[in-house]
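Here's the structure we're looking at; comments come further down.
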Amino acid sequence: MSKFVWEAKSTVSGTYQKMPTPSFYDIEWEDFDSDTYRDINVGDMHDTVLSSKWTKAKFVYNYQEESEVESICEMINNNPIYVRHKNPMYKGGIAEMQMRCSKGSISMERNRETGAEWNKLSFNLVQKKKASGQK
């Protein structure tokens, strides 16, 4: 049984669908600030944080069936993509947000033993709008 990592909302049904568990999942986040500078006398940082925890998530799938790759690609081709994903930076460990695919790649290598053709699907989803619980 696979663990929950992410779900995406179907544009057809309007409901969330559990997506396949990736081989690798990585989350980055950053704060957006205004007029940040370091005091040249003591080195203190002076910043005005506008918003925090803006998310970029990287997904990597190894050795997927063609139908699985097509299903994932169909979902990530939407803009925005409504996503619920595992993210310990949010209360309860789950974040729900609008995202878009900012970068992706697919590589193919035929495996003579298994017949598998898709070697790797990799893509990033970046947050588009402020999410509930985000400062």
Side-chain angles (χ1 to χ4, degrees):
M1 184 170 171
S2 61
K3 293 184 175 185
F4 168 81
V5 174
W6 74 298
E7 298 174 324
K9 190 180 284 187
S10 167
T11 56
V12 176
S13 68
T15 59
Y16 278 99
Q17 298 176 356
K18 184 176 179 190
M19 300 302 289
T21 302
S23 305
F24 176 83
Y25 178 58
D26 183 57
I27 303 169
E28 295 179 19
W29 61 91
E30 66 180 294
D31 293 347
F32 293 132
D33 54 48
S34 175
D35 302 325
T36 296
Y37 67 94
R38 287 213 177 264
D39 187 305
I40 60 171
N41 295 317
V42 294
D44 292 347
M45 181 183 280
H46 299 274
D47 61 341
T48 303
V49 177
L50 302 175
S51 187
S52 62
K53 298 188 287 188
W54 284 79
T55 300
K56 178 173 138 182
K58 180 175 184 175
F59 299 81
V60 177
Y61 289 88
N62 293 322
Y63 304 107
Q64 299 295 296
E65 297 294 326
E66 188 169 355
S67 62
E68 291 173 307
V69 169
E70 288 172 355
S71 175
I72 294 168
C73 286
E74 182 180 327
M75 197 62 81
I76 65 173
N77 280 332
N78 293 309
N79 185 6
I81 308 164
Y82 295 87
V83 174
R84 279 196 295 234
H85 63 106
K86 188 175 213 161
N87 189 332
M89 290 299 296
Y90 285 81
K91 186 176 181 176
I94 304 293
E96 185 170 356
M97 58 186 57
Q98 289 184 36
M99 304 183 96
R100 73 172 180 86
C101 183
S102 65
K103 184 177 182 179
S105 68
I106 301 173
S107 60
M108 182 193 295
E109 179 179 353
R110 180 134 176 92
N111 184 320
R112 292 177 194 245
E113 293 176 18
T114 65
E117 293 182 0
W118 293 109
N119 186 4
K120 186 185 237 182
L121 167 63
S122 175
F123 58 91
N124 293 336
L125 297 181
V126 294
Q127 184 177 350
K128 287 183 61 119
K129 292 188 175 184
K130 201 178 228 186
S132 177
Q134 186 174 18
K135 295 180 182 182

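If you take CD on Glu7 and OG1 on Thr15, they are separated by 9.5 Å, rounding to the nearest 0.5 Å. Here the SG atom belonging to Cys73 is positioned 8.0 Å from the CZ atom belonging to Phe123, to the nearest 0.5 angstrom. The distance from the CD atom of Gln98 to the CD1 atom of Ile81 is 10.5 Å, given to the nearest 0.5 Å. Of the inter-residue distances, the one linking Met45 atom CE with Thr36 atom OG1 reads 6.5 Å to the nearest 0.5 angstrom. Going from atom OG of Ser105 over to atom CG of Leu121 covers 7.5 Å, rounded to the nearest 0.5 Å.
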side-chain hydrogen bond (donor to acceptor under 3.5 Å, both in side chains) assessment of Lys9 paired with Asn78: CA-CA 10 Å; Lys9 190 180 284 187; Asn78 293 309; over 6 Å; no
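Looking at heavy atoms from C-beta onward, Val5 lies out of side-chain contact with Met19 at the 4.5 angstrom threshold. A 4.5 Å side-chain heavy-atom check between Lys58 and Lys103 finds every atom pair outside the cut-off. Using a 4.5 Å heavy-atom threshold, the side chains of Val83 and Trp6 count as touching. A heavy-atom distance below 4.5 Å is not found between the side chains of Tyr82 and Glu96. Counting heavy atoms from C-beta on, the side chains of Ile76 and Phe59 never come closer than 4.5 Å. With contacts defined as side-chain heavy-atom distances shorter than 4.5 Å, the pair Ser122/Val60 qualifies. At least one side-chain heavy atom of Thr55 sits under 4.5 Å from a side-chain heavy atom of His85.
Of all heavy-atom pairs spanning Lys128 and Arg100, the tightest one is CD-CB, 3.9 Å. Counting all heavy atoms, side chain and backbone alike, Lys129 lies closest to Gln127 at O-NE2, 2.8 Å. Taking every heavy atom of both residues into account, Tyr90 and Met97 meet most closely at OH-CE, 3.7 Å. Across Ser10 and Met75, no two heavy atoms sit closer than the pair CA-CE, 4.2 Å. Between Arg84 and Phe4, the shortest heavy-atom distance links the atoms O-CZ, 3.7 Å. Nearest heavy-atom pair across Met99 and Asn79 is O-OD1, 4.5 Å.
Criterion: ILVMFWY side-chain heavy atoms under 4.5 Å apart, direct or through other members. Under it, Tyr61 and Ile106 are part of a common hydrophobic cluster. Linking ILVMFWY side-chain heavy atoms closer than 4.5 Å, directly or via other members, places Val69 and Tyr25 in a single hydrophobic cluster. The cluster map of Ile, Leu, Val, Met, Phe, Trp and Tyr, joined by side-chain heavy atoms under 4.5 Å apart, puts Ile72 and Ile27 in the same cluster.
Around the NZ atom of Lys53, the shell of radius 6.0 Å holds more than 12 heavy atoms that belong to other residues, nucleotides or ligands. Within 6.0 Å of NZ on Lys86 lie no more than 12 heavy atoms contributed by other residues, nucleotides or ligands. By the 6.0 Å contact criterion, CD on Glu74 is open, its count of non-hydrogen atoms from other residues, nucleotides or ligands being 12 or less.
Within the 3.5 Å criterion, the main-chain N or O of Asn62 finds a donor-acceptor partner in the side chain of Gln64. The backbone N or O of Val126 sits nowhere less than 3.5 Å from a side-chain atom of Ser102 that would complete a donor-acceptor pair.
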